[in-house]
Amino acid sequence: MISFSEDDGCSFDSAVKILGASDTQAGIAAEFKYIASKYGVEGEDWAFVFQRLHHEFDKHFDEIQIALSNKKVITTFFDISDFFGKYRF
């Protein structure tokens, strides 16, 4: 079962930790599920802008930026160290 930390995701230091993802595909899907839970329906309430991978502090992070329907841009950092590099075959 995938779970999320209580962090706010505003920076590397407060990145939302995704725990329990079986592989990278499940972890990335969890990132977008988290965003939808906070901001609503993709394509209606927000639009994807970009996703960028970072390696900092011996950890792996995804930075995801979205634009809300009111044009406000939101950036969320996820600590993906728990599932980074895990692939299903």
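We're numbering straight along the sequence, starting at 1.
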Within the distance-only criterion (no hydrogens, no angle test), does the side chain of S81 pair as donor or acceptor with the backbone N or O of H60 below 3.5 angstrom?
yes
Run the side-chain donor-acceptor check on residues 1-9: report pairs under 3.5 Å with partners two or more places apart or on a different chain.
{"unit_1": "S5", "atom_1": "OG", "unit_2": "D7", "atom_2": "OD2", "d": "2.6"}
{"unit_1": "S5", "atom_1": "OG", "unit_2": "K17", "atom_2": "N", "d": "2.9"}
{"unit_1": "D7", "atom_1": "OD2", "unit_2": "K17", "atom_2": "NZ", "d": "3.1"}
{"unit_1": "D8", "atom_1": "OD1", "unit_2": "C10", "atom_2": "N", "d": "3.0"}
{"unit_1": "D8", "atom_1": "OD1", "unit_2": "S14", "atom_2": "OG", "d": "2.6"}

Does F61 share a hydrophobic cluster with Y34, counting links as ILVMFWY side-chain heavy atoms below 4.5 Å and allowing steps through other members?
no
In terms of ring plane angle, is the pair W46 and F32 parallel, tilted or perpendicular, where the classes change at 30° and 60°?
parallel
Co-membership, hydrophobic cluster, residues F83 and F12, 4.5 Å side-chain
no
With rounding to the nearest 0.5 angstrom, report the CD1 to NE2 distance, I80 to H54.
10.0 Å
Closest approach of I18 to D82 (non-hydrogen atoms, all atoms of both residues):
O-CB, 3.5 Å
dist I74:CD1 -> I66:CD1 (nearest 0.5 Å) comes out at 6.0 Å
Kindly compute the distance separating CZ (F84) from CG (D79), expressed to the nearest 0.5 Å.
11.5 Å
Would a 4.5 Å heavy-atom cut-off, applied to side chains only, mark Y39 and K72 as touching?
no
Transitive ILVMFWY side-chain link L53 to I64, under 4.5 Å:
yes
Return yes if a side-chain donor-acceptor contact under 3.5 Å exists between Q51 and Q65, otherwise no.
no
Close side-chain approach of L68 to D45, heavy-atom, < 4.5 Å
no
Out of curiosity, does F57 fall in the hydrophobic cluster containing F77 (side-chain heavy atoms, cut-off under 4.5 Å, transitive links)?
yes
Hey, are the side chains of F78 and T76 touching, using non-hydrogen atoms and a 4.5 Å cut-off?
yes
